Every structure is written in structure tokens, then in C-alpha cells.
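A short worksheet on the structure shown next.
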Protein chains: 2
Amino acid sequence: MKPMTIGKLAKATGVSAETIRYYERFGFLPSPDRLESGYRVYGSDSIQRVRFIKEAQALGFTLAEVSDLIGLTADEHADCAQVNEKATQKLQEINKKIKALKKMQGALKILSQRCPADEQPLSECSIVNHLYDVREVAI
Amino acid sequence: MKPMTIGKLAKATGVSAETIRYYERFGFLPSPDRLESGYRVYGSDSIQRVRFIKEAQALGFTLAEVSDLIGLTADEHADCAQVNEKATQKLQEINKKIKALKKMQGALKILSQRCPADEQPLSECSIVNHLYDVREVAI
DNA sequence: TTACACCTTATAGTATACTTTAAGGTCAAG
DNA sequence: CTTGACCTTAAAGTATACTATAAGGTGTAA
């Protein structure tokens, strides 16, 4: 069987070869074995490792946090509670972000509804007036 | 009355002098007059201009988009509808972001609830198992 | 006059997660 | 044996919105 070089791992995971090298360089992936030519050769577990990173990112974790998670999974003494704490922290962070976005959403909705949205000059625009002076258009 | 130099504008707006120079450099604020010494002098309208930028950012607009908005306000032929379109676009963008965050939130909640969160080894952790292989823990 | 706060510029650094480029070596098919 | 796909490295670029630094000039109060 042909060795899995970086391009094959890239295809298998949907992550570019450059990104895989990047992950390796910053310790998110272990240094793989090399062929005599210097080509990286990966075992099938590498696919899982890359997937781990991608899934953690999809849950909102940064690469630094992914690094922490990888550290926990490699630690014999680590337990479920430690991982759960990371998840709970991330959850709170996400809740905060949602809250901030909802605030923007609410303000934009109100301003947009109040704006005549036609050929009126901008002096009649509730959005522009809000930007010029918050007090002119209470939200 | 003493001229409003950059430090005073900074205090009046809560934005640092460096940031004000940055805004000027990239065209978000007009170049102010100068004293003989080279010091920038601002009129009171500058406070409003800085506030415009900050308020637009608070609504989720990037500086590039703020630039567009400033352009519209300076355009005699611009009308309300054009501004409203920017707001509507931004609203949709924010809705998308909220949706993405809610997806993360939902997944994290489920994983966290399923995780025993005690001293169990990580092989029992629903979160870690999810990261290792999505199919093991359906969401 | 001597501090000290304040101003000036250009340039570089920060954070995050890559992506691109340059210059070159390797492998497999035809 | 040549062509083209694939691999290597180090270094620089991208996006966004600043923030910091260096080296120096200005304004004012004691």
C-alpha cells in the first residue's frame, strides 16, 4: 500500500496540505515519520487527529484551546470533569457573543423599521440620525 | 478658548489619540487643520464624526462599511433606501452569525449534559468521543 | 530654565488562522 | 528521460482594528 503523504491526508480530511504543515509546526499535530526523500508519511490515526481539530473548531474552540484539549486527552490523569469545564466555559463565551449580536440585531431592526427606506433625504433617515447622535433616536 | 487638540478629542470621545490618527490616515476622519506647531486642531463636529464611527461599529459595521456609510452621508444624491439596504444586509449577516453560534451552543449543551463530568476516564467522555469521531455521539 | 505633559512622524507589533510565494527536490507514468 | 504532479523549507502576506515604539519637537507652569 502506498504511504499516506501529506496530499492524501489533505484530501482525506478536507484540510489543505499547507494547513496540515501549519498544525504540525505549532504542535497541534505530532511530527510524522519521513520517507528517505523527506516526505511526511502519516498513519490512519492522523485523519482522526485532524478531525479532532476541525470538530473542536466547529464547536467554537480556538487552536490554543484545541491544544489544551489535546493535552487533556494525552494526560492519563485527566478526567471528564476537566473537559466538561472547558466546554462549559466555551458555552458561556458563546452565550455572551450571542447576546452581543442580539443587541445589534435588535437595534438594527428598530432603526431599519423606522427608516422610511425610500427616496427621502438622509436627514429623514433614522439610521443616519442615530449614528450622528444617539439621543435623537432612542432605542 | 483653547484649541481642541487630539488629546482633548480623545478624551471627549473615549477613543485614543492613536486611534484618531489611525482613522484619519485611513480616511475615516478628514484631515484637520493644524497649528503652526503642526498640532492637529479639531472643530466640535469632529466629536460627532468619531461618534458616528463608534456607533456604526456598535451596530456591527466594519470600518470599511463605516466608510461606505460616511460616503453616503456626504452624497447629496444618496437617499434613505441606500442606507437602509446597508442596514438590512448587516442584519442578515448578524442573523447568520447568531445562527452559527446557536448551532455551537446546541452541540456544546448536549455534549456537556451527556458528559458525566466526574472523575471518569476520558474514554467515557461524550465530548472527547465526539471530537474523536463524530459518529460516535450523534447530535 | 527646567520639568513635564502633550504633540509629531514612520514603522513595527498584536491577535488568529491560515495562505501564498519562492526556490528547489522527488516520484511515477509514458 | 522527460514531464508533470507532488513534495520540501523559510519567509512573507492576508484580514481587521488597532496599539506600541522610537526619536524627536512644543507648550506651559513653577
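Chain A is the first sequence line, chain B the second, and so forth, proteins listed ahead of strands; every chain is numbered from 1. The structure displayed is predicted, hence computed values, not measured ones.
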Task: Glu18(B) CD - dA10(C) P separation (whole Å) - done: 15 Å

TODO: To the nearest Å, give me how far apart CG (Leu35(A)) and P (dT26(C)) are.
DONE: 12 Å

TODO: Between Arg25(B) and Gly7(B), just flag the one whose closest nucleotide in DNA chain C comes earlier from the 5' side.
DONE: Gly7(B)

- [ ] Round to the nearest Å and state the distance from Phe28(A) atom CZ to dA17(C) atom P.
- [x] 7 Å

Open item on the list: Regarding Lys11(B), tell me which of base, sugar-phosphate or nothing describes its non-hydrogen contacts under 4.0 Å with the strands shown.
Closed with: nothing

Open item on the list: Quick one, Ile53(B) and Leu29(B) - any side-chain contact, counting heavy atoms below 4.5 Å?
Closed with: yes

TODO: In plain terms, say whether Lys86(A) and Glu65(A) are close enough for a salt bridge, that is, a side-chain N and a carboxylate O under 4.0 Å apart.
DONE: no

TODO: For Glu65(A) and dA17(C), give me the distance from atom CD to atom P, rounded to whole Å.
DONE: 8 Å

TODO: Look at the side chain of Tyr39(B) against the base of dC6(C) and say whether a donor-acceptor pair falls under 3.5 Å; ignore hydrogens and angles.
DONE: yes

Task: Under 3.5 Å: donor-acceptor pair, side chain of Ser112(A), backbone of Lys109(A) - done: no

TODO: Would you indicate, yes or no, if dT16(D) has its OP1 or OP2 atom less than 4.0 angstrom from a side-chain nitrogen or oxygen of Gln57(B)?
DONE: no

Open item on the list: Side chains of Gln89(B) and Glu93(B) only: does a donor on one sit below 3.5 Å from an acceptor on the other?
Closed with: no

Open item on the list: Does Ile6(B) reach a base, just sugar-phosphate, or nothing at all? Heavy atoms under 4.0 Å.
Closed with: sugar-phosphate

- [ ] For the residue pair Asn95(B) and Gln105(A), establish whether any side-chain heavy-atom pair is separated by less than 4.5 Å.
- [x] yes

- [ ] Please determine if a side-chain N or O atom of Thr19(A) lies less than 4.0 Å away from the OP1 or OP2 oxygen of dT19(C).
- [x] yes

Task: Out of dC18(C), dT9(C), dA20(D), whichever nucleotide has its closest atom nearest the side chain of Arg40(B) - done: dT9(C)

Open item on the list: I want to check one thing: is the phosphate of dC18(D), taken as OP1 and OP2, less than 4.0 Å away from some side-chain N or O of Lys54(B)?
Closed with: yes

Task: DNA chain C: 5'-proximal contact among Arg34(B) and Glu36(A) (nearest heavy atom) - done: Arg34(B)

Open item on the list: Using the side-chain heavy atoms of Tyr22(A), tell me which of these nucleotides is nearest: dA17(C), dT20(C), dC6(C).
Closed with: dA17(C)

Task: Side-chain N or O of Ser37(A) closer than 4.0 Å to phosphate OP1/OP2 of dG25(C) - done: no

TODO: With heavy atoms under 4.0 Å as the rule, sort Tyr23(B) into base, sugar-phosphate or nothing.
DONE: sugar-phosphate

- [ ] For Lys54(A), look at atom NZ and say whether over 12 heavy atoms of other residues, nucleotides or ligands are found less than 6.0 Å away.
- [x] yes

- [ ] Would you mind reading off the distance between Glu24(A) atom CD and dC18(C) atom P, rounded to a whole angstrom?
- [x] 15 Å

Task: 5'-most by nearest nucleotide on DNA chain D - Thr62(B) or Lys8(A) - done: Lys8(A)

Task: Atom-pair distance (CZ on Arg21(A); P on dA10(D)), nearest Å - done: 11 Å

Task: Distance in angstrom units between Ile20(A) CD1 and dT9(D) P, rounded - done: 13 Å

Open item on the list: In whole Å, I'd like the distance from the CZ atom of Phe26(B) to the C1' atom of dT19(D).
Closed with: 13 Å

